[in-house]
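Let me begin by presenting the structure, written as structure tokens, before commenting on it.
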Amino acid sequence: QVQLVESGGGLVQVGGSLRLSCVASGGTFDSYSIGWFRQAAGKERESVAAVSWGGGSTLYENNVKGRFTISRDNALNTVYLQLSRLEHMDTAVYYCAAGRPFTTDASQYNYWGQGTQVTVFS
């Protein structure tokens with residue numbers, strides 16, 4: 001059993017930056033890979049990025065590569081997603097998830113947070 005809580009969402013202007021945090025509890029945090037996903041209103045959920053249990057390997061979807069950075073601090077049971085050069089298409093609810101495999105495939109993740117809203121405006 002792992003519980004995840006996201007924070008850091010909010011309003012940000014196009015081209016701006018934001019850092020999201022995902023704090024885990026109730027499990028062995030460093031045994032899990034962590035993924036970030038997002039879902040815009042009326043759209044399907046899509047993967048964003050993933051980081052391996054040790055933090056040494058990362059995966060990114062093409063539409064965020066070079067703009068977003070995922071990292072983790074196992075001592076703090078926290079995973080971060082740094083968002084930069086934000087665009088309107090980045091507006092969505094962002095979720096973090098924990099699972100055993102290192103992947104961006106949502107079906108491989110077992111535990112999910114409640115999400116945090118990111119809204120990008122002109």
Side-chain angles (χ1 to χ4, degrees):
Q1 181 72 22
V2 177
Q3 295 179 333
L4 305 171
V5 179
E6 304 95 335
S7 63
L11 295 169
V12 62
Q13 195 167 7
V14 169
S17 299
L18 205 62
R19 189 173 79 160
L20 308 182
S21 298
C22 173
V23 180
S25 62
T28 306
F29 177 72
D30 58 5
S31 296
Y32 293 89
S33 297
I34 302 294
W36 281 97
F37 300 82
R38 66 186 182 185
Q39 187 166 20
K43 302 293 184 180
E44 295 183 353
R45 180 180 58 192
E46 65 175 349
S47 63
V48 177
V51 61
S52 61
W53 63 267
S57 298
T58 57
L59 296 169
Y60 296 95
E61 295 300 312
N62 287 335
N63 60 355
V64 307
K65 192 176 299 180
R67 299 189 300 117
F68 293 4
T69 302
I70 188 171
S71 62
R72 68 190 297 164
D73 187 338
N74 287 344
L76 298 178
N77 292 344
T78 301
V79 172
Y80 305 98
L81 185 67
Q82 179 69 45
L83 317 178
S84 62
R85 302 195 302 278
L86 284 161
E87 304 169 12
H88 286 121
M89 68 179 184
D90 298 316
T91 294
V93 177
Y94 284 71
Y95 301 90
C96 65
R100 295 294 185 178
F102 173 48
T103 180
T104 56
D105 182 356
S107 69
Q108 301 298 312
Y109 288 88
N110 305 112
Y111 307 101
W112 293 80
Q114 294 298 308
T116 185
Q117 176 72 47
V118 172
T119 301
V120 184
F121 65 95
S122 300

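All values below come from the heavy atoms of this structure, side chains included, with hydrogens, waters and symmetry mates left out.
Under a hydrophobic-cluster definition in which Ile, Leu, Val, Met, Phe, Trp and Tyr are linked whenever side-chain heavy atoms come within less than 4.5 Å, directly or via other members, Val64 and Val14 are assigned to the same cluster. Val93 and Leu18 end up in different hydrophobic clusters when Ile, Leu, Val, Met, Phe, Trp and Tyr side chains are linked at under 4.5 Å. Clustering ILVMFWY residues whenever any of their side-chain heavy atoms sit less than 4.5 angstrom apart, transitively, puts Val79 in a cluster other than the one holding Tyr95. Under the 4.5 Å side-chain contact rule for hydrophobic residues, Val51 and Tyr60 share a cluster. Hydrophobic clustering, with ILVMFWY side chains joined whenever heavy atoms are under 4.5 angstrom apart, keeps Leu76 apart from Tyr111.
Judged by distance alone, with hydrogens and angles left aside, the side-chain atoms of Glu6 form a donor-acceptor pair with the main-chain N or O of Gln114 at under 3.5 Å. At least one donor-acceptor pair closer than 3.5 Å links the side chain of Asn74 to the backbone N or O of Trp53. Checking side-chain atoms of Ser52 against main-chain N and O of Ser57 turns up a donor-acceptor pair under 3.5 Å.
Sorted pairs that involve residues 70-82 and meet salt bridge (Lys or Arg N to Asp or Glu O under 4.0 Å), not counting sequence neighbours, are lacking altogether. Listed by first and then second residue, the disulfide (SG to SG under 2.5 Å) pairs that reach into residues 79-122 are Cys22-Cys96, sequence neighbours excluded. Within the structure, every pair that satisfies the salt bridge (Lys or Arg N to Asp or Glu O under 4.0 Å) test and touches residues 41-51, not counting sequence neighbours, is listed here: Arg38-Glu46. Every pair tested for disulfide (SG to SG under 2.5 Å) that includes a residue from residues 31-64 fails, sequence neighbours excluded, so the list is empty. Annotation: disulfide (SG to SG under 2.5 Å) contacts involving residues 54-94, sequence neighbours excluded, are absent.
Classification of the Tyr109-Phe37 ring pair by plane angle, with boundaries at 30° and 60°, yields perpendicular.
Distance check, rounded to the nearest 0.5 Å: CD of Gln1 to OG of Ser25 gives 9.0 Å. Ile34 CD1 to Thr58 OG1: the interatomic distance, rounded to the nearest 0.5 Å, is 14.0 Å. To the nearest 0.5 Å, atom CG of residue Leu59 and atom CD1 of residue Ile70 are 9.0 Å apart. We find the CG-OG distance between Leu86 and Ser17 to be 6.5 Å, quoted to the nearest 0.5 Å. If you take CG on Asp90 and CZ on Arg85, they are separated by 10.5 Å, rounding to the nearest 0.5 Å. Atoms CG and CH2, from Leu20 and Trp36 in turn, are 4.5 Å apart once rounded to the nearest 0.5 Å.
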Donor-acceptor list for residues 115-122 side chains, cut-off 3.5 Å, not counting sequence neighbours:
residue : atom : partner : partner atom : Å
Thr116  : OG1  : Gly9    : N            : 3.1
Gln117  : NE2  : Ala92   : O            : 3.4
Gln117  : NE2  : Thr119  : OG1          : 3.4
Ser122  : OG   : His88   : NE2          : 2.7

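Closest heavy-atom contact between Asn110 and Arg100: OD1-N, 4.4 Å. Here the shortest heavy-atom pairing between Asp105 and Thr103 reads N-OG1, 3.0 Å.
Side-chain polar atoms of Gln82 and Ser71 form no donor-acceptor pair below 3.5 angstrom.
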Full working for side chain to side chain contact (heavy atoms under 4.5 Å, CB included) between Thr69 and Tyr80
CA-CA 8 Å; Thr69 302; Tyr80 305 98; over 6 Å; no

